[in-house]
**Q** 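Would you mind keeping the following structure in view while I ask a few things?
Numbering of residues begins at 1 and proceeds along the displayed sequence.
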Amino acid sequence: MRESRSRVVSVVRRSDEGFALVFTMGAVALITAVAVGGYMLANQTLHDSGVSMDVNRAYQLASTGLEQELSFFTKDRLGQYPKTVNMDGGTYVASVNDLGGGVYELAVRGTVGTQEETVLTRFQYLNLWDMNISGGAQSSIGVRNGFNGNSTIIGSLYVNGDMDWGSNGRMWGGPVFIKDGAWNASGNGQVGSSTDRVDAYGPVPSDNSRYFTNLKGTAPDLEIPSLTDENMAAYLQGAKDYAVANPRTTPLYGTQPANQDATYYTVFNGDTTFNSDFGDTTNDAIAVRGGVVYLKEDAIIYVNGTATFGSSIVGYRGSGTIVAKDGFVTQGSLVPQNGLTETLYGNTVPKMDETNCLGLLSQGDFNANGKGDTVCAAVFLNGNYIVPSSGHSDFRGSMITNSILIDTTNCLLATQPGLGDLLPAGMPQLAGFVARGDWVRR
């Protein structure tokens with residue numbers, strides 16, 4: 001017998017340990033049926049069924065256990081299964097089977113006395129750093145017929161608003177979540193293929209000859225927290241602390257930016273352009289040499305204004321976090337100079353690793369004005385990620401933004417699964433994301 005339940009999303013913080021300065025942020029989700037609610041619903045439903053008391057209680061335990069295990073699931077906890085929990089005069093045993101591609105099957109068997117009842121569901125788990133998220137209130141992705149030409153999206157995508165998908169755009173991998181908006185299809189835009197379908201939550205275009213999706217249900221609510229002034233003050237202090245612990249090399253090399261703080265060289269007091277050579281590439285928290293931005297391990301750099309990476313910048317080495325209060329502008333490229341690439345659906349993209357990973361945080365917008373492999377990073381913004389009509393910027397990694405506004409042709413937007421395990425210490429630790437289907441009673 002099938003028991004239809006509301007599809008929900010739950011989130012779990014990864015850890016509050018580690019870098020002491022920076023807060024741990026978790027996505028806030030609206031959960032329509034948590035463990036207690038599931039228990040009460042099961043109790044009321046079965047009260048009228050006339051079946052035996054022990055069967056009722058075994059079923060209640062199984063359904064309660066399912067809700068509870070989903071609420072706290074992370075990939076790090078897979079080793080805990082099978083898991084036995086004593087509750088209310090009985091037990092439940094939960095088992096999780098990894099089906100691949102981020103899809104799991106959870107079975108929970110409740111036992112009271114000699115009676116057993118089992119409930120089963122399949123769900124999809126994603127770390128938020130494995131996704132590109134346009135998550136603001138009534139956000140969007142694309143502008144008018146954004147992602148025109150031969151633009152491509154690869155990997156997981158969440159849009160809290162409208163999705164504009166037109167011309168010859170291609171989408172691969174998925175899953176894609178469209179919440180409180182419409183999927184505006186035009187031209188020859190395509191999603192997946194007949195042999196490589198994309199899981200979709202929310203509205204999808206009706207043209208089955210170009211949109212190959214597996215409709216899994218409705219997209220869950222997801223509210224992403226914003227960077228507050230208090231958070232920014234904490235990052236500023238973190239940059240100062242890093243400068244004290246890692247003093248810059250003397251004598252100074254190159255032309256130091258005019259507004260680089262005299263006491264804390266990791267702090268820039270106003271709008272700052274990184275373009276010319278300065279600093280020591282081996283010992284300093286930040287330096288530029290030959291168009292490459294060098295970051296010392298887990299460095300925190302704070303710009304009290306807009307951080308612009310000029311046309312001479314071709315990439316970065318090292319793993320650190322740059323915080324810019326008023327936003328970012330790229331005129332060149334910010335890609336790791338580790339020589340690593342991957343081929344995804346015929347597209348060659350850069351790849352971050354444990355020693356070459358850039359975090360970018362801001363309360364403002366990100367204007368990507370460069371061309372080609374412009375940005376490969378983990379990006380968290382209160383504002384929007386913008387590619388103007390004059391730009392042709394590719395992005396690899398994860399951007400968590402208010403809106404993703406791309407009004408140009410021949411762009412690529414691709415995730416890097418596992419990015420959450422590579423982040424420098426100053427980056428927010430975001431929660432897990434669980435999207436589930438109906439569950440079955442056995």
Side-chain angles (χ1 to χ4, degrees), residues 101-102 124 126 128-135 139-179 181-193 196-205 207 210-216 219 222 342-351 366 368 372-379 384-387 391-417 419 433 435:
Q124 200 145 20
L126 294 152
L128 293 185
W129 284 118
D130 290 339
M131 307 178 72
N132 284 310
I133 298 176
S134 181
S139 67
S140 62
I141 185 166
V143 177
R144 297 183 300 277
N145 288 322
F147 282 107
N148 291 331
N150 296 311
S151 294
T152 303
I153 294 178
I154 300 173
S156 306
L157 177 70
Y158 184 101
V159 183
N160 188 31
D162 292 338
M163 171 76 180
D164 290 337
W165 195 239
S167 194
N168 294 311
R170 295 291 183 267
M171 181 183 294
W172 302 100
V176 59
F177 301 85
I178 308 295
K179 178 66 178 177
W183 194 326
N184 301 316
S186 61
N188 294 312
Q190 183 171 322
V191 176
S193 69
D196 192 359
R197 303 179 71 88
V198 172
D199 288 345
Y201 296 80
V204 295
D207 187 346
R210 293 185 294 117
Y211 292 87
F212 299 96
T213 60
N214 296 319
L215 184 58
K216 309 293 284 190
L222 182 63
E342 288 184 286
T343 300
L344 305 174
Y345 298 95
N347 300 273
T348 301
V349 297
K351 182 180 180 180
F366 192 129
D373 292 328
T374 306
V375 182
C376 182
V379 178
N384 305 319
Y385 185 88
I386 303 167
V387 182
H392 298 278
S393 175
D394 290 348
F395 180 89
R396 180 45 179 337
S398 176
M399 66 171 78
I400 299 174
T401 72
N402 180 67
S403 284
I404 301 173
L405 306 177
I406 299 181
D407 188 20
T408 187
T409 62
N410 300 312
C411 288
L412 182 141
L413 180 66
T415 57
Q416 181 174 329
L419 178 57
F433 182 93

**Q** Taking atom OG1 of T152 and atom CG of L344, what is their separation to the nearest 0.5 Å?
**A**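 Reported value, rounded in 0.5 Å steps: 10.5 Å.
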**Q** Could you pull out the closest heavy-atom pair between I400 and L128, with the gap in Å?
**A**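 Shortest heavy-atom separation between I400 and L128 comes out as CD1-O, 3.8 Å.
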**Q** Taking side chain as C-beta onward, heavy atoms only, is F177 less than 4.5 Å from L126?
**A**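 In contact.
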**Q** Would a 4.5 Å heavy-atom cut-off, applied to side chains only, mark K179 and Y158 as touching?
**A**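 Heavy-atom side-chain distance check passes, below 4.5 Å.
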**Q** Taking the side chain as every heavy atom from C-beta outward, state whether I154 and N347 have any atom pair closer than 4.5 Å.
**A**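 They are in contact (side-chain heavy atoms under 4.5 Å apart), so the answer is yes.
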**Q** Nearest heavy-atom pair of P203 and I178: which atoms, and what distance?
**A**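 Of all heavy-atom pairs spanning P203 and I178, the closest is CD-O, 3.5 Å.
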**Q** Are any non-hydrogen side-chain atoms of Y201 and Q124 less than 4.5 angstrom apart?
**A**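 They are in side-chain contact.
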**Q** Hey, is the main chain of S403 close enough, under 3.5 Å, to the side chain of N384 for a donor-acceptor pair?
**A**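 Confirmed, N384 side chain pairs with S403 backbone.
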**Q** Which atom pair, heavy atoms only, marks the closest approach of Q416 to D130?
**A**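 Heavy atoms only, the tightest pair is O-OD1, 4.0 Å.
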**Q** For D196, is there any backbone N or O sitting under 3.5 Å from a side-chain donor or acceptor partner on S193?
**A**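 Looks like yes, one N/O pair under 3.5 Å.
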**Q** Give the minimum heavy-atom separation between S156 and G174, together with the two atoms involved.
**A**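 Shortest heavy-atom contact: OG-O, 3.4 Å.
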**Q** Does any N or O in the side chain of R197 come within less than 3.5 Å of the main-chain N or O of T213, such that one atom is a donor and the other an acceptor?
**A**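 The answer is yes, because a donor-acceptor pair under 3.5 Å joins these two groups.
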**Q** I need the minimum non-hydrogen distance between V375 and Y385, along with the two atoms involved.
**A**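 That closest heavy-atom pairing would be CG2-OH, 3.9 Å.
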**Q** Would you sort out whether V379 and F366 count as a side chain to side chain contact (heavy atoms under 4.5 Å, CB included), showing the intermediate values?
**A** CA-CA 9 Å; V379 178; F366 192 129; 4.1 Å; yes
**Q** Do the side chain of R396 and the main chain of P350 share a donor and acceptor less than 3.5 angstrom apart?
**A**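 It does hold such a pair.
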**Q** Going by heavy atoms in the side chains, are M171 and L413 under 4.5 Å from each other?
**A**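 No - every pair of side-chain heavy atoms lies 4.5 Å or more apart.
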**Q** Taking only residues two or more places apart in sequence, or in another chain, which ones meet V198 in a side chain to side chain contact (heavy atoms under 4.5 Å, CB included)?
**A**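 For V198 the side chain to side chain contact (heavy atoms under 4.5 Å, CB included) partners, ignoring immediate neighbours, are V176, V191.
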**Q** Judged by atom type as modelled, is there a donor-acceptor pair below 3.5 Å linking the side chain of S134 to the main-chain atoms of V159?
**A**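 It does not hold such a pair.
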**Q** Would you check if M131 and M399 make a side-chain contact, meaning some heavy-atom pair closer than 4.5 Å?
**A**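 The answer is no; the side chains never approach within 4.5 Å.
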**Q** Hey, does the side chain of R170 reach the backbone of G189 with a donor-acceptor pair shorter than 3.5 angstrom?
**A**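 No; zero donor-acceptor contacts below 3.5 Å.
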**Q** Say you draw a straight line from SG of C411 to CD1 of I406; how long is it, rounded to the nearest 0.5 Å?
**A**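 Rounded to the nearest 0.5 Å, the SG-CD1 separation comes out at 5.5 Å.
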**Q** Which residue, N132, L412, T374, forms the side-chain contact (heavy atoms from CB on, under 4.5 Å) with F395?
**A**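 The residue from N132, L412, T374 that satisfies side-chain contact (heavy atoms from CB on, under 4.5 Å) with F395 turns out to be N132.
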**Q** Taking it one step at a time, do N168 and Q190 satisfy side chain to side chain contact (heavy atoms under 4.5 Å, CB included)?
**A** CA-CA 7 Å; N168 294 311; Q190 183 171 322; over 6 Å; no
